[in-house]
J.: 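I am attaching a structure below and will ask some questions about it afterwards.
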2 protein chains.
Amino acid sequence: MLDLAILGLLEEQELHGYEIRRQLRDSLGLLANVSFGSLYPALARLEAAGDVEAVDGADEVAPTAPPTGSLSGERAVLRARRHSRPRGRRSRKAYRITGQGRRTFARLLAGDGADDARSFGLRLAFARHLPPPARLALLERRRAQLVERLAEVDGARSEATLDVYARSVVEHTAEGVARDIHWLERLIEAERKPDGQRAAGRAASRRESGGRVAGRPAMAGKGNERN
Amino acid sequence: MLDLAILGLLEEQELHGYEIRRQLRDSLGLLANVSFGSLYPALARLEAAGDVEAVDGADEVAPTAPPTGSLSGERAVLRARRHSRPRGRRSRKAYRITGQGRRTFARLLAGDGADDARSFGLRLAFARHLPPPARLALLERRRAQLVERLAEVDGARSEATLDVYARSVVEHTAEGVARDIHWLERLIEAERKPDGQRAAGRAASRRESGGRVAGRPAMAGKGNERN
DNA sequence: CGTCGCTATATCGGCCCGATATGATGGACC
DNA sequence: GGTCCATCATATCGGGCCGATATAGCGACG
């Protein structure tokens, strides 16, 4: 699971461990808050397997530092002259993905394996690396799994005798799954109609203020699935 | 995390491992789908710690494992038990919670520790074993955690450049957290108004008659171990 | 008569996490 | 100017959970 995230980030640039964690936390947010206790072993694992290789580049550009060109820049230059290591706190180990690593990434991304919420979220977050049919398959596979699990629970839910608290937890969880299914179905529908912007589209998706999520008026509360 | 679930179920009746898993899956549903690979080690752990004890027999007061000292003797006992229970199955090992186990359960339930979604759901599902102030504290603690995490993410979300898929995942996850917060606030409100007030402190659990677990029915006074 | 399916317990390897240690650097405080 | 703290950065360790697998008893199906 971590392997997928790491390789996905390294697909675009070489990074060191600390920065991988930062990007995962900042951009993927709540989905992937990875701990160092799993990150560094995962990197060592991937390196041993030949999916990534360490590059001793202390000179790669810091990805989140926009060139403001002001005092900090000059100070950085001075520090570089003195210590011959720009922005380097401690010795960093940057990693680069290998050819084999790219194949591993593709395999993990399309993997048929069981996906929990985390794994699926990660796969979908990297879905731009998938060919469109595989994207659709990923979405529909996940939807089928959720539908099945929800059906199982709905069967048992009617006969169980639970107190207020347990019932609230169960209901809330089930509603969450139903909401996930709804979300997946919207994604599937959007995926089926070719919209013009896709493939490389990082420039196309920038200005998308028409917002599907932020200010949605009312969510068609048709299904009152409380039994 | 599993310890809480196991002790919570054993608070009401003695059960064997397979049945614990069944009840967890059927009643708690999507929240707690526990695997055997963690359940049986957890039971062994709890037994070694003295929080539960094994009762052999599962429906009668069969003397617990007479230490004859010879393996053949114990095998004979097993064979005899098999003959007395001709209905299918394999030899089962039922567990009963101990007094120390009840204290452990109370400690885990009110535990200040960090709670992820699973742990919190489990705690809330057993919230009837908590005194009302602790219930409220549990809800508000969780709510505060979610609010904080959502705020962190909302800050980083505005500046990140993500493609359509990653953005959709992040938005959906954030909405899920917002929905959880909403749910918690409804629960907090419901908890604050005393309304019917059917269960101030003691009569919260109604169990059907015939429970042999109630060996000592005279639970006079407040059995609430304060944390 | 084999084998499938269900109940039931148990172990193993692997992954992930939280806690902790270590080390280097720079800014804040006084 | 020295001390303390925060941040960046890598790494290890113990422990918990999971999926896969092994074992075992028994009823039912064909």
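Chain identifiers are assigned alphabetically (A, B, ...) following the order of the sequence lines, protein sequences preceding nucleic acid strands; residue numbering begins at 1 within each chain.
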J.: For the pair B:F120 and B:W183, name the ring-plane relationship: parallel under 30°, tilted 30 to 60°, perpendicular over 60°.
T.: perpendicular
J.: Can you pull out every side-chain hydrogen bond (donor to acceptor under 3.5 Å, both in side chains) where at least one residue sits in residues 28-46 of chain A? Sequence neighbours excluded, please.
T.: A:D3-A:R45
J.: Detail all sub-3.5 Å separations between protein N/O atoms and N/O atoms belonging to nucleotides 16-19 of chain D.
T.:
residue : atom : partner : partner atom : Å
D:dC17  : OP1  : B:M1    : N            : 3.4
D:dC17  : OP1  : B:L2    : N            : 3.0
D:dC17  : OP2  : B:R45   : NH2          : 3.2
D:dC18  : OP1  : B:R118  : NH2          : 3.2
D:dC18  : OP2  : B:S38   : OG           : 2.4
D:dC18  : N4   : B:G37   : O            : 3.2

J.: Using the side-chain hydrogen bond (donor to acceptor under 3.5 Å, both in side chains) criterion, which residues pair with B:R143? Sequence neighbours excluded.
T.: B:E185
J.: Would you list the pairs meeting salt bridge (charged side-chain N to carboxylate O under 4.0 Å, His left out) in which at least one residue belongs to residues 26-43 of chain A, sequence neighbours left out?
T.: A:R22-A:D26
J.: Using atom CG of A:L46 as one end and atom P of D:dT10 as the other, report the distance to the nearest whole Å.
T.: 15 Å
J.: Between B:I20 (CD1) and C:dT9 (P), how many Å, whole number?
T.: 9 Å
J.: Which residues pass the side-chain hydrogen bond (donor to acceptor under 3.5 Å, both in side chains) test with B:Q23, sequence neighbours left out?
T.: B:E19
J.: Grab the CZ-P distance between B:R22 and C:dC6 for me, whole Å please.
T.: 14 Å
J.: Rounded to whole Å, how long is the line connecting atom CG of B:L43 with atom C1' of C:dT11?
T.: 15 Å
J.: Could you give the side-chain donor-acceptor pairs of residues 103-111 of chain A under 3.5 Å, partners two or more places apart or in another chain?
T.:
residue : atom : partner : partner atom : Å
A:T104  : OG1  : A:D51   : OD1          : 2.8
A:T104  : OG1  : A:Q100  : O            : 3.1

J.: Can you tell me how far C1' of D:dA9 sits from NE2 of A:H16, to the nearest Å?
T.: 7 Å
